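Given the structure is predicted, the values throughout are model-derived calculations rather than measurements. Naming convention: chains lettered A, B, ... in sequence-line order (proteins, then strands); numbering from 1 in each chain.
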Amino acid sequence: MAEPGATAGRYVGARVQRLEDPRLLAGRGRYIDDHTVPGMLHAAFVRSPVARGALGGVDVAAAQAMAGVAAVFTMDDFRDIFRPTFSTITGPSVGAPPLRPLADGDVRFTGDPIAIVVAESRYLAEDAAEAVDMDLEPLEPVLDSETGLDAGILVHPETGSNLAAQISSPADDERAFASAAHVVTETVSQHRYVAVPMEGRGLVASWEPGRGELTIWAATQAPHEMRSYCARMLGLPEHRVRVVMGDVGGGFGQKMFVTREEMAVVLASYRLGRPVRWIEDRAENLLAGGHARQEQATISMATDASGHLLAARVRHLENVGAYSVPGTGSVGGGVAAFFPGPYRLPSLSFTNQAVYTNTCGRCAYRGPWLFETVAREQMMDIVARAIGMDPLSLRRLNVITDGDLPYTSVTGMPYERISPAQTLEQAAELIGYDSFRRSQAVARAEGRYLGIGLSLYVEPIQTRGLLGSEGAILRVDPTGEITLIMGTASHGQSLETTMAQVVADVLGCDPASIVFIQGDTAVAPWGPGTGGSKSAVVAAGAAQLAAERMRDKMLQVAGYVLEIAPGDLELSGGSAHVRGDPEARLSFGQLAEAAYLNPAALPADIEPGLLVSARSVAPPVVLANACHACTVEVDVHTGLVTILRYVVSEDCGPMINPMVVEGQIAGGVAQGIGGVLLEHMVYDADGNPLTTTFMDYLLPTACEVPDVEYGHVVTPANTPGGFKGVGEGGAIGSPPAVINAVADALAPLGARITGTPLGPAQVLAAVAAATSR
Amino acid sequence: MKAAPFEYHAPETPDEALDLLAEFGDEAKVLAGGQSLVPVLALRLARFEHLVDLNRIPALRYVQAGNGVTRIGAMTTHATIGGNAEIRRRVPLLAEATPHIGHFQIRNRGTIGGSLSHADPGAEYPAVALALDAEIILASARGTRTVAAAEFFTGTFTTVAEPDEVLMEVRFTGRPQGCAVLELARRHGDFALAGVACAVELDSADRIQSLRLALFGVSSTPVRATAAEQAVSGIAAGELDPAEVGRAALAGVSCVSDLHADASYRERVAAHLTGQAVRQALQQARQQSLEEARHG
Amino acid sequence: MAEHQLEVTVNGQPVTATVEPRLTLADFLRDRLRLTGTHLGCEHGVCGACTVLADGAAIRSCLVFAVQMQGAAITTVEGLTPDDGGLSDVQEAFRAEHGLQCGFCTPGFVVSVTAFLAEHPEPSTDEIRDGLSGNLCRCTGYQGIVRAVQAAVLARREARVG
């Protein structure tokens, strides 16, 4: 395989300690709740206490009269200034109902924002919110995707149907199923669980009428999207809107797109002509911040007598709630495209329905389409057990190998530069698969239930369409100091460090000397936001290009000053010098002085100053891949699952900073473990959410997440540096690894595990059901 | 998530606190460690016009042992209890229970008086108090009374304490030989879905002198498994079937169903844990007997 | 509602203020004193992002009202910075072991770990995980955090011995 532009310099590839850390460790980060604007007011929302209802009058008089209250707004107060719009990435054609900032005549999920109270403090705003009265007639809600299309109740009357999206398939490959030696059918389900960044949503919006400027400081993953969206929403020219992002406490997709409360805050500021701040609290975040993952599929897989996959049929059903962001919230397209995964699957029939319900709508959550892996990898184990093969053997038999590449999947995905077979073998070796099977047998004889689970997947790095380009501006100031300005929105991805590593290798300087500016739309080049595992491809690509242009410019100036051909010069140690002769050197400071301070003296072909910009364009298809392997012990008396070991063999191409890569994987793995064993967003039969605090929505702690062991396979992408990107993979591969391990542990009891959640009660119920059969 | 407004009072003696409660009645709430109350206030699930903070009353923080009685002031924190050598010696069941409670940050503020008064069905200290037949001292401006643990807990988050009463002290007597506290929680430190506090005394012939079992997390209050206890009285330790004791302990117990587990799960797990706790406590008791015999 | 006079020491500095009873210690530190290193992740005492030291004991500052801290000595994450600037040994260990990504939970962990190690200078790995279980992190999967505590323990042991 070719190795395009592989950069293994002094810093790229190294575990460089993070430049972000000193301020964050010292408690000197600047998160949105730390940011104050003189004269700012504080917002709190009045929210629907019921899942569905007819909303009559909203009486704000008593609330408005309370001390410290500046205003209480309902949809009526925004009607003349609000223009419905759509996320840039979905565009207006997607068919989802436009997001309105506040409820208008009805409420569609418990937590639906009805009014926004603006007061001198959050304390006073919450007091006043309690004093808002409303005429709300509860109506019967629709809560299930299974019954949602026939319930005779419309979630969004404007759409005329609860069908948010659908995919119809060409006819089944009847011959393949009819002639197959084995056909295994199962319904696999995934429950609702959510992103839970440690910092919720938040923003300070400031409309200054005299200046005609809207400034928004926000906890966002996509400042330029927020700018575009809010500009459209208010009918303002985009360049009159500025979004500034400071430090952001995680997002996982929940902060990628503009949400309804954020819209209401911006509108409130616009209405008042004063800065308005809203900091979401945890109850709001769990209630209304955006949900994810609730879907199921009935899957049939056909194999020949040896276990070769012949065909698959998938009927996919999603519960997308009400008011998803972006678009309809359906991920059917992604699930369909990647269902074949890393296997040779000759035939796939895929149908999908996404159903609106009177529950919180979806947001994007780390690998939104991951159900393709969760469902497929469970089916591989279910099929393996059904036909009497070991799950590892079935995967080995069907996995796409180097010899198959390039390979086009049955869904039209071009596979190249991937290594699923290598990661499968590496993960199996690292976890000690064969020796585990022996230990497992010994343990079973002693009445202990150990299990091993595999999960193998191909991951699309999100570089299609507008996601595929980032910009970088590099500036060297007259004193020689370097500033990198990017349109990224790093919120835990360590871009301040990794982008500096890339630039430092090219410019021959210390990454710690580079100041990184991102997230301010007034100065940063347009960017699609940070998410989708693409920073190492798209952002690093831009940083690399900009650095190369700056290097060339600097060498040009140095060549002029030193009267030596630029081709004989190089940059290292923060200076320009003759290649191989570090003695005759020009420091960056001296170089910059020459570039800036006597412009007329420069030759005509050297533009004064040291400022370059560059924009990357990534290939529309970049694929990473990995294999997760997990061993567990299941206590059949309590249903508790203990994870013994967890292994990830990851191929994200060359790594800019292996420490950062492993950290991203680990965080995703913890979310998968939490999702399977602990986290569950639950609604009761009336549509009331039962898990809106951390007492009931359970996140994994350090006691629930084991040491994660890593193996790395390196298959470069066709991009500068060969980087592929990492971010979502840990969350994608982990749920089925854990589920499969539990199922494997309980298989001798005949227990059927067909999805999640797998809390102790569910595990024990599966054991009880098996032993009673 | 900000609490509704309230007036704050910080009495420095128990009498001051009682006078405040007499004055404000059910408009007032006692604030002990705050680890359970303050979230309720922040979520606005409840509100009170007046909070009476007991944290400035040194007279309520003490551990006093003598004459076979261990007296613990209500405002003694979990952290203090967990690290107290007297309690480790005299009321080991309390020491055993403490590490299960939340996390060390919670234990630095949470108090035994608060835990008993809050009466969360999944809490450990109420079960320990019930298992050991502790006495709970309640005081108000109207006087003082002693309530047996068996009478104290009446329902979920409900005790016999009147709104104007303050839990002042809890008293433990006796010194069981072997003890165990086992619980099943979703995560370490969470409230139990099922738990048991077990204490056992053996006589000199290795027979069960007393077995004490209090279940927690399964019902609306902690539950004393009296019938199961009595059934094994006098039985030789070596002939006891702990699993059978576990099953017997759940007979007649009405387990609750909620978000995290249904009744049948709680029953099954509680029985299993009880069996294990009995086994553990017996082992500890027999070891202690052996050691006492060795040292004469 | 009546306001109360409050005198506390925060990071070694005496502070006098008038506070409403319902103002939490967390909000007092953040909004009144502009010590914004202490973060709010849940405001109901589970996530630990708001952890501070009160008279040396780690507590959840969202679960006490400022007025309750009369006379106390509070240490926030800002107070852990050594006098000559830089980072404490616990903070250095977090950096060395990649124990943070977005950084939002980090001050709570740093304060909790500082208190934990004062009580447990030689913890086993299980004890470390147990000691960390009162703080939630969503980014790191706790890998770097556990390693950071182990590294700090090792460094302190070597400093004592050497």
Side-chain angles (χ1 to χ4, degrees), chain A residues 15 17-18 20-31 33-36 121-123 195-200 247-252 279 281-283 285 491-494 659-660 662-671 673-674 693-695 699-705 707-708 730, chain C residues 20 22-23 27 30-31 34-47 49 76-81 86-88 90-92 94-107 110-111 125-126 128-146:
Chain A
R15 293 172 182 265
Q17 288 191 3
R18 295 199 331 160
E20 296 89 326
D21 284 358
R23 71 170 182 279
L24 298 178
L25 285 163
R28 302 283 180 184
R30 253 188 238 133
Y31 299 88
D33 196 21
D34 305 337
H35 185 75
T36 58
S121 75
R122 174 73 183 213
Y123 286 77
V196 195
M198 287 318 300
E199 178 204 43
D247 292 308
V248 173
F252 311 113
I279 306 297
D281 69 29
R282 184 55 58 189
N285 178 259
H491 50 282
Q493 290 83 355
S494 314
M659 182 184 84
V660 168
E662 290 169 2
Q664 285 289 307
I665 296 169
V669 167
Q671 286 176 314
I673 290 172
T693 70
F694 280 162
M695 280 79 145
L699 294 183
T701 73
C703 289
E704 284 79 42
V705 183
D707 283 341
V708 179
Chain C
E20 192 188 14
R22 63 173 171 164
L23 181 71
D27 283 342
R30 291 181 49 75
D31 298 336
R34 302 304 304 153
L35 291 168
T36 56
T38 302
H39 296 151
L40 299 177
C42 75
E43 292 186 285
H44 50 273
V46 179
C47 78
T76 69
V77 64
E78 291 93 338
L80 297 181
T81 302
L87 301 174
S88 72
V90 169
Q91 289 165 326
E92 281 289 356
F94 269 75
R95 185 176 188 206
E97 299 299 331
H98 194 39
L100 63 155
Q101 291 180 24
C102 82
F104 195 77
C105 72
T106 304
V110 167
V111 173
T125 300
D126 279 350
I128 290 174
R129 287 184 180 278
D130 188 272
L132 293 172
S133 63
N135 288 77
L136 296 177
C137 173
R138 201 55 171 159
C139 291
T140 66
Y142 305 102
Q143 307 296 299
I145 296 175
V146 171

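The NE2 atom of A:His35 lies 11.5 Å from the OG1 atom of C:Thr36; values are rounded to the nearest 0.5 Å. Atom NE2 of C:His44 sits about 4.5 Å away from atom OG1 of A:Thr693, to the nearest 0.5 Å. A:Leu24 contributes atom CG, which lies 12.5 Å from atom CZ of C:Phe94 (distance to the nearest 0.5 angstrom). One finds the CD atom of C:Gln143 at 9.5 Å from the CD atom of A:Glu662 (value rounded to the nearest 0.5 Å). Taking CG of A:Asp707 as the start and OG1 of C:Thr125 as the end, the distance is 7.5 Å to the nearest 0.5 Å. In this structure, CG in A:Leu25 is found 6.0 Å from OG1 in C:Thr106, a value given to the nearest 0.5 Å.
Looking at A:Ser494, only its side chain comes within 4.5 Å of chain C, counting heavy atoms on both sides. C:Tyr142 touches chain A through its side chain: at least one heavy atom from C-beta onward sits under 4.5 Å away, while N, CA, C and O do not. Using a 4.5 Å cut-off between heavy atoms, A:Ala195 contacts chain C through its backbone alone, with no side-chain atom that close. For C:Ser133, the parts sitting under 4.5 Å from any heavy atom of chain A are the backbone and the side chain alike. Residue A:Gln664 touches chain C through both its backbone and its side chain, counting heavy-atom pairs closer than 4.5 Å. In this structure, the portion of A:Tyr31 lying under 4.5 Å from any heavy atom of chain C is its side chain and not its backbone. When heavy atoms are compared at a cutoff of 4.5 Å, C:Arg95 approaches chain A by way of both its backbone and its side chain.
Among A:Arg18, A:Met659, A:Arg282, the residue making the largest number of heavy-atom pairs under 4.5 Å with chain C is A:Arg18. Ranked by heavy-atom pairs shorter than 4.5 Å toward chain A, the options C:Glu97, C:Gln91, C:His98 are led by C:His98. Per-residue counts of heavy-atom pairs under 4.5 Å with chain A were compared for C:Glu92, C:Glu20, C:Arg30; the largest is that of C:Arg30. Chain A forms more heavy-atom pairs under 4.5 Å with one residue of C:Asp31, C:Thr76, C:Leu136, C:Leu87 than with any other, namely C:Leu136. When each of A:Arg15, A:Met198, A:Arg30, A:Glu704 is checked for heavy-atom pairs under 4.5 Å with chain C, A:Met198 comes out on top. For the set C:Cys137, C:Ser88, C:Ala96, the entry with the most heavy-atom pairs within less than 4.5 Å of chain A is C:Ala96. Between chain A and the options C:Leu132, C:Val146, C:Leu100, C:Val90, heavy-atom pairs under 4.5 Å are most frequent for C:Leu100.
Although no hydrogens or angles enter the test, the distance criterion places no donor-acceptor pair under 3.5 Å between the side chain of C:Arg129 and the main chain of A:Thr701. Between the side chain of C:Glu43 and the backbone N or O of A:Asp281 there is no donor-acceptor pair closer than 3.5 Å.
Residues passing the side-chain contact (heavy atoms from CB on, under 4.5 Å) test with A:Arg23 are A:Glu20, A:Arg28, A:Asp247, A:Glu496, sequence neighbours excluded. The side-chain contact (heavy atoms from CB on, under 4.5 Å) test applied to C:Leu23 returns A:Tyr123, C:Val19, C:Asp27, C:Phe28, C:Arg32, not counting sequence neighbours.
Contact record, A:Val196 with C:Arg138: O-CG, 3.0 Å, taken as the closest heavy-atom pair. For the pair A:Phe694 and C:Cys47, the tightest heavy-atom approach, listed with the atom from each and the gap, is CE1-CB, 4.0 Å. Across every non-hydrogen atom of A:Val248 and C:Cys102, the tightest pair is O-CB, 3.6 Å.
By the 4.0 Å N-to-carboxylate-O rule, C:Arg34 lies too far from A:Asp34 to be salt-bridged with it.
Here the side chains of C:His39 and A:Glu199 are not in contact, with every heavy-atom distance at 4.5 Å or above.
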